[in-house]
Amino acid sequence: MQGVGQPVLSTLKGASALVNIDARPLMFAFAICGGAATYFSMPFEPVLAHLAGVSALAFAVWILARLWWTSDTAITVVVVVLGLSAGLLAGSLRTRLVEAPVVSIETGPAMVEGWVQEVEPGRKGVRLVIRVHSIAGMSSEDWPEYIRVTHTSRLEVAPGRFVRCWSVLRPPPGPAMPGEYDFRRQAWFEKLGAVGYVQGRCRGGTLGAPADVAGKASLALGAARRNLALQVVEAAGERSGGFAAALVSGDRSFMRPEDAEALRDTGLAHLLAISGLHLSIVGGLVFLLVKRTLVLIEPLALRVAVQKPAAVIALIACLAYLIVSGASVATQRAFIMAAIVFGAVIFDRSAISLRTFAIAMIAVVLLQPESVVTPGFQMSFAATGALIAAYELWRNRRAGEERVLGPVAFSWASIAMTSLVAGLATMPYALFHFDRAAPIGFVANLAAMPVVTFLSAPSAAVAFILAPFGYSEIGLRLFGYSLEMVLAVAHFFSRFSEEAGASDRSMPAASLLLATAALAAFIALRGTLRFTATAALAAACLWGWSMTPRFVAHWSASGDLFVAKPSGGIERLALAKGNSLAPLRFAKAAEATCNEADCEFLTPSGVRITVLKEPDLSVCFVPAGDELVSGCTPDSGTGGLTWTWTEIAGSGGQTVYLDGQTLRVTTTPQCGARPWHPCPAPAVSQAP
C-alpha cells in the first residue's frame, strides 16, 4: 500500500495542489453525511445487525491502518468507508430510538386531552402541538406521543396549559408530488403521530402538569417562551413585534404573513431561523463585553488569560439562548458549532477552522442523522463551509485591504463577500428543494445585514443588559425600530422578485450531488486544483440539469392543476375538491380561472393543455404540433395524455414532464417500506 500511495501524494505535493490539512476530519464528515443521506434514500429498511457488523469491520480496519499502514491515501480511503458505514448506522439507530405510535386511518371526531407544547403559525389558523394524555375511543397503546391540530377559532389557551379538544386526526401526510419534502419522515423523528383540526375550540382543563420531570420542564419552558414572546411583542412595537418575538424566543405565531413572505422572497428568511447568525451575535457580543470588562480589572488581567472566562460565559449565554428559543434543529446545529468555537478558545486552539466545521458536522449527524436530508442542514453547512474556505483565501489580503479601504468600506466589503459566497453556496439547495432561488437576495442582504449587525444586535444587547434593572423595554423598542428597517428593505426588494429565479426544470438529485461535490472541492482542496475541480463539477451539474425534462403540469389529488406559465413561474387552477394536500413548492402559484366549459393553456415547452368540464372533468396534454381528435381525447399516434378526475383522485396525483418531444409521467408515491410511511394493511370486511 505504501508503494502505491506515496507517489500519488508526492505528485500532488510537487504540484502545490494539496488537500487541506484538515482533510481527514473533512473526509470523515462528508462521508458520514453521505452515509446518512444514503440510508434515508433507500427504498427499503436495512437490517440493523448488518449495518452494525459493517461499521464494526470498518472500525477494525481503521485501527489496523493506523497501526500498520503508512500510506496516507490508504488511510483516507478507510476513513471514508468508516464514515459511510457510521452514517448508515446512525440513521438506522435513530429511526428505532424515536419510534412512537402513528395513527393509520382518519380518527374522530374524538375528544383529545393533553398539554399544549407549542403554538405555531399556519395558513388556516394556529397550529397546536399537543402532548397527548388521552384520546377517546382509542387504546392507550395506540395513542401518539404528540399530535398537531389546526385551531381556527379564537385561541384562549397557551403553551403549558392542559386542554380538551374535539378533534379529527389523520396520519401525517406524505409528499404531494415526487421530490416534495416528506413531512411523514419529519413527523416520525419528532414523534408526531397525527395531524388534524379542531372542531370548535380547545378549552382548558384542570389536570396539572405531567408526572415526569422532563415533561414538567418542557411545559414550563414552553410557557416561559410564550410569555417572553408576548412581552417582546408589546415592547418592540406593533409593526415589528412579531419579527422581534421570532428572533428572541423562536415563536413565529405573532409574525405577519406578509412580512414572512417578503423575507422569503428576498432571501432574508434566514433571519427567522435562529441559527448560526443569531448564536454568533449573542455569543460574540457577550464574549466581547466580558473580555473588555475583565481587561479593565488589572490584577485579574495580569494573571489570567481573560479570553478564557469570557468564552465560558459566552458559551453559557449561547446555552441559555438555545433553551429559551425552543432548541430547534437549526439552533442545535448552531449551538454545537458555537460550543466547539468557544471550546477552542478555552483550550488554545484555532477557533474558526475547517477542522471545527468538520467536528460540528459529525456531531450533528451523530445526534440527528435525519437532518442531513433537510434544506436547513444542507444550506446551513454549505454556507458555513464556503465562508470558512473563502475567509482562508481572503485572510492574507485583509490587512492590506483594510489599510487601503478604511474600516467602514472594509466592513461593507466583508458583508458583500459574505452575502455573495453564502448565496452561491446555498443556491443549488434552494433550487432543488423549492424549484426557485432568490437572485435579488444578494442586494437585499447587502442592504439589510448592516442594519442587523450595527443596529439590531447592539440594541438587543442593550435590552439584555438592562433587563435585570427592569428597563429592557428601552433596548427592545430600539430593537423594534431596527427590525422595521429590515422589513422595509424586504418589502421594497420583494417587488422585484416576482417570478424571479423560477425554473420549469427541476434540479435532479444527480445535479445536486455534483453541486455538493463542487462545494466540497472548494472547501477541501487547495491551489489550482481547488478552482479546477470546483469549476469542472459545477459545469457538470449545470449540464446535467439542462438535460432534465421540462416541467409541464401537475394535477394534484387536492384537485388543483398546476401549470407552467409561458412568462415563467406556476399558475394554479382549482378544478375539484380533493382530500389531499397540494404541493408545498407551489404554495405561491398564481391563481388562474376557467369559467368556460373548457379552457386551454400553453406551457413554455409548447405543450397544450385542455381542460374539459363536461361530461366528466378531464385534462388533456398534447405536445406541440399535435391535435385533438375530439373533446379531450388525443390522437393515438401523437403521444398525448388524458386523465379524468376520478383517475387522479385514486392515483394520488400525476406530474407531466416533456423529455425532448415525449411526454413523461411520474405518479405521486403513496407508501413505501420505510417505518415513517408504511403501506396500510388491507381492510378486513366484517359480517353484518
Side-chain angles (χ1 to χ4, degrees), residues 40 45 94-120 122-152 157 162-176 180-203 205 207 210 215 218-219 370 556-558 578-584 649-650 652-653 668-686:
F40 290 106
E45 186 64 25
R94 173 77 171 160
T95 299
R96 286 158 177 79
L97 288 174
V98 300
E99 185 173 2
V102 179
V103 300
S104 57
I105 58 174
E106 182 173 312
T107 302
M111 181 59 68
V112 177
E113 297 182 336
W115 298 269
V116 178
Q117 191 80 18
E118 294 181 21
V119 178
E120 304 172 349
R123 294 181 180 276
K124 299 180 180 179
V126 295
R127 296 169 177 169
L128 305 181
V129 178
I130 299 176
R131 179 178 177 176
V132 174
H133 174 261
S134 67
I135 300 178
M138 185 181 295
S139 171
S140 59
E141 291 82 10
D142 298 328
W143 292 343
E145 190 164 339
Y146 295 95
I147 65 170
R148 192 183 75 183
V149 290
T150 299
H151 192 283
T152 56
V157 295
F162 182 81
V163 296
R164 306 176 77 244
C165 310
W166 194 253
S167 306
V168 175
L169 302 179
R170 301 187 180 112
E180 183 85 345
Y181 184 68
D182 194 347
F183 176 75
R184 286 178 299 192
R185 182 178 59 218
Q186 174 189 339
W188 174 271
F189 289 99
E190 293 179 357
K191 298 185 179 181
L192 195 67
V195 298
Y197 59 92
V198 176
Q199 289 190 339
R201 180 181 300 170
C202 287
R203 303 188 182 276
L207 191 65
S218 177
L219 292 176
E370 71 276 8
S556 171
S558 65
N579 294 324
S580 299
L581 297 177
L584 291 176
T668 301
Q670 296 301 298
C671 62
R674 307 309 299 273
W676 46 85
H677 53 90
C679 293
V684 179
S685 60
Q686 298 180 351

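One is the number of the first residue; the rest follow in order along the sequence. FYI, side chains are in, hydrogens and waters are out, and symmetry mates aren't considered; it's all heavy atoms of this structure.
Heavy-atom neighbours of Ile105 CD1 from other residues, nucleotides or ligands within 6.0 Å: at or below the threshold of 12. Annotation: Arg131, atom CZ; neighbour count of heavy atoms from other residues, nucleotides and ligands within 6.0 Å is above 12.
Scanning all heavy atoms of the two residues, the minimum distance from Pro173 to Arg184 falls at O-CG, 3.1 Å. The two atoms that bring Val198 and Ser167 nearest to each other are CG2-OG, 3.9 Å, heavy atoms only.
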Passes salt bridge (charged side-chain N to carboxylate O under 4.0 Å, His left out), Glu370 versus Arg185? Steps please.
CA-CA 8 Å; Glu370 71 276 8; Arg185 182 178 59 218; over 6 Å; no
Step by step, work out the side chain to side chain contact (heavy atoms under 4.5 Å, CB included) result for Asp182 and Phe40.
CA-CA 11 Å; Asp182 194 347; Phe40 290 106; over 6 Å; no
Show your reasoning for whether side chain to side chain contact (heavy atoms under 4.5 Å, CB included) applies to Phe162 and Val157.
CA-CA 8 Å; Phe162 182 81; Val157 295; over 6 Å; no
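Two residues are said to be in side-chain contact when any heavy atoms from C-beta on lie closer than 4.5 Å; Asp142 and Ser104 fail this criterion. Pro101 has its side chain out of reach of Trp143: every pair of non-hydrogen atoms, C-beta onward, lies at least 4.5 Å apart. Two residues are said to be in side-chain contact when any heavy atoms from C-beta on lie closer than 4.5 Å; Tyr197 and Thr152 fail this criterion. By the 4.5 Å heavy-atom criterion applied to side chains, Glu190 and Tyr146 are not counted as neighbours.
With rounding to the nearest 0.5 Å, the separation of CD in Glu106 from CG in Leu169 is 9.0 Å. Taken to the nearest 0.5 Å, the CD atom of Gln199 stands 8.0 Å off from the CH2 atom of Trp166. Expressed to the nearest 0.5 Å, how far CZ of Arg170 lies from CD1 of Ile147 amounts to 13.0 Å. Put simply, SG on Cys165 and CZ on Arg203 are 10.0 Å apart, with the number rounded to the nearest 0.5 Å. With rounding to the nearest 0.5 Å, the separation of CD in Glu118 from CG in Leu128 is 10.5 Å. With rounding to the nearest 0.5 angstrom, the CZ atom of Arg148 is 12.0 Å from the CD1 atom of Ile130.
No donor-acceptor pair under 3.5 Å is formed between the side chain of Trp676 and the backbone N or O of Ala187. Proximity of a side-chain donor or acceptor of His151 to a complementary backbone N or O of Cys202 within less than 3.5 Å is detected.
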